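Below is one structure, written out as structure tokens, with a few remarks after it.
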Amino acid sequence: MTDYGHDLLFGTFITPTNQVPQHAVQLAQASEAAGLDLATFQDHPYQPGFLDTWTLLSYVAAKTSRIHLSGNVINLPLRGPAVLARAAASLDLLSGGRVELGLGAGGFWDPIVAMGGERLTPGESVTALEEGIDIIRGIWDAGNPERLVVDGKHHQVVGAKRGPAPAHDIGIWLGALKPRMLRLIGRKADGWLPSMGYMKSLDELTDANARIDDAAAGAGRDPRAIRRLVNINGRFAAETSQQLLVGPPAQWAEQLAVLALEYGMTGFILAGDDPNAIALYGQEVAPAARALVAAERA
């Protein structure tokens with residue numbers, strides 16, 4: 001068993017389609033009304049069918065009062081880390097500490113280049129992401145009197161002014177599956193945010209957690225400080241089944257409790273744009289899963 005002991009988080013992964021611009025906003029509001037902790041949106045700035053994710057996050061923050069918000073995940077190749085750091089801190093201050101920062105290294109390089117980004121190899125993209133994290137944390141370190149200098153291969157700042165500090169400790173969660181990215185999470189990130197749909201089996205969670213833990217220990221960090229979240233897909237049904245997350249809410253709760261207690265995953269972000277599923281997830285699955293995990297931990 002691998003239980004890192006974090007409180008459970010439940011959220012939604014909403015498509016930021018611009019065909020009906022208010023729809024994504026309404027789904028975020030539905031997520032808050034259902035008692036969920038987090039509403040997230042994918043970030044593909046080269047996709048003309050989507051609203052700009054950072055603009056959407058800002059608008060949704062003004063239209064909600066409690067729920068936390070994040071990109072899932074923010075496309076760093078098209079969003080400069082120093083400006084992104086100030087944007088995240090500013091929105092965190094304006095929203096009362098409700099912003100988290102899911103980050104990605106990029107992957108769709110043809111459209112990224114078409115939008116003016118730099119084409120990177122997989123290895124270069126990880127290096128660029130690590131440099132970006134250093135810059136973001138440096139900007140947030142507003143009380144540090146030293147000049148902020150990061151002389152990276154892909155991102156540089158030379159004496160940039162620090163600040164503002166965010167309202168709370170914003171979590172930097174990396175969307176990743178490959179070994180080098182997992183090691184970066186262990187060294188420098190606050191959380192791991194993969195998508196279950198890209199995994200062939202739950203054993204991949206165990207293997208990835210081990211890589212993260214080893215890298216964290218090697219960097220002098222406590223592996224338990226790193227939250228493990230996951231994007232999930234599923235379907236509510238009247239009858240139970242042997243499939244993962246295909247069945248009634250009680251089955252979902254039991255299976256998510258197993259993922260928490262045996263695989264270390266403590267953040268569950270449901271992909272989909274069905275308000276009825278969002279309501280069931282927040283009102284029935286989340287409290288039941290929390291109760292099961294609390295009872296087992298006790």
Side-chain angles (χ1 to χ4, degrees), residues 1-4 6-17 19-20 22-42 60 63-64 66-70 72 102 175 177 192-206 208-209 227-298:
M1 291 179 64
T2 303
D3 179 8
Y4 297 97
H6 293 277
D7 292 340
L8 301 193
L9 294 179
F10 294 86
T12 48
F13 190 5
I14 298 165
T15 309
T17 181
Q19 293 179 346
V20 182
Q22 291 295 325
H23 187 56
V25 181
Q26 293 163 355
L27 290 174
Q29 292 171 321
S31 301
E32 181 171 77
L36 293 169
D37 307 291
L38 186 66
T40 73
F41 307 90
Q42 57 187 289
V60 170
K63 293 290 186 177
T64 55
R66 180 193 58 79
I67 198 165
H68 282 231
L69 305 168
S70 179
N72 190 351
L177 284 174
W192 175 40
L193 178 52
S195 293
M196 189 73 78
Y198 290 112
M199 299 180 189
K200 295 179 181 178
S201 75
L202 295 181
D203 290 339
E204 293 189 42
L205 294 175
T206 301
N209 277 328
R227 181 181 280 282
R228 324 296 162 114
L229 309 98
V230 62
N231 294 317
I232 58 173
N233 297 89
R235 178 170 56 85
F236 288 109
E239 301 295 330
T240 59
S241 76
Q242 298 301 312
Q243 294 178 264
L244 182 63
L245 304 181
V246 177
Q251 177 186 321
W252 281 53
E254 292 170 1
Q255 291 174 333
L256 294 180
V258 170
L259 288 177
L261 295 166
E262 298 185 14
Y263 295 91
M265 311 308 290
T266 54
F268 303 103
I269 303 176
L270 177 63
D273 302 324
D274 180 356
N276 294 322
I278 290 172
L280 275 177
Y281 189 56
Q283 295 169 6
E284 298 191 31
V285 175
R290 285 192 172 102
L292 290 169
V293 170
E296 185 65 26
R297 286 174 174 172

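Only this structure's heavy atoms are used, side chains among them; waters, hydrogens and symmetry mates stay out. For clarity, every value in this text was computed on a predicted model and none was experimentally measured.
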Reported [atom1]-to-[atom2] distance for the pair [X] and [Y], which is rounded to 0.5 angstrom:
{"X": "L292", "Y": "R297", "atom1": "CG", "atom2": "CZ", "answer": "12.0 Å"}
{"X": "R228", "Y": "L259", "atom1": "CZ", "atom2": "CG", "answer": "14.0 Å"}
{"X": "E32", "Y": "D37", "atom1": "CD", "atom2": "CG", "answer": "11.0 Å"}
{"X": "L36", "Y": "F10", "atom1": "CG", "atom2": "CZ", "answer": "8.5 Å"}
{"X": "H23", "Y": "T17", "atom1": "NE2", "atom2": "OG1", "answer": "8.0 Å"}
{"X": "M265", "Y": "L229", "atom1": "CE", "atom2": "CG", "answer": "7.0 Å"}

Heavy-atom pair with the smallest gap, counting every atom of [X] and [Y]:
{"X": "L205", "Y": "M196", "value": "CD1-CE, 4.2 Å"}
{"X": "A253", "Y": "A289", "value": "CB-N, 3.6 Å"}
{"X": "I232", "Y": "L256", "value": "CD1-CD2, 4.3 Å"}
{"X": "A28", "Y": "V60", "value": "CB-CG1, 3.6 Å"}
{"X": "A34", "Y": "A279", "value": "CB-CA, 4.0 Å"}
{"X": "R66", "Y": "S31", "value": "NH2-O, 4.4 Å"}

- Item | Residues forming a salt bridge (Lys or Arg N to Asp or Glu O under 4.0 Å) with R227, sequence neighbours excluded |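 Residues passing salt bridge (Lys or Arg N to Asp or Glu O under 4.0 Å) with R227: none at all.
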- Task: Any chance you could lay out the side chain to side chain contact (heavy atoms under 4.5 Å, CB included) test for L27 and I278, step after step, and finish with the verdict?
- Result: CA-CA 8 Å; L27 290 174; I278 290 172; 3.9 Å; yes
Do [X] side-chain atoms and [Y] backbone N/O form a donor-acceptor pair below 3.5 Å?
{"X": "T266", "Y": "L8", "result": "no"}
{"X": "D273", "Y": "T15", "result": "yes"}
{"X": "Q42", "Y": "F13", "result": "no"}
{"X": "Q251", "Y": "V246", "result": "yes"}

Are the side chains of [Y] and [X] in contact, using a 4.5 Å heavy-atom criterion?
{"X": "D7", "Y": "L9", "answer": "no"}
{"X": "L270", "Y": "W252", "answer": "yes"}
{"X": "F41", "Y": "N72", "answer": "no"}
{"X": "V285", "Y": "F236", "answer": "yes"}
{"X": "L193", "Y": "N231", "answer": "yes"}
{"X": "I269", "Y": "L38", "answer": "yes"}
{"X": "L261", "Y": "V293", "answer": "yes"}
{"X": "V25", "Y": "Q29", "answer": "yes"}

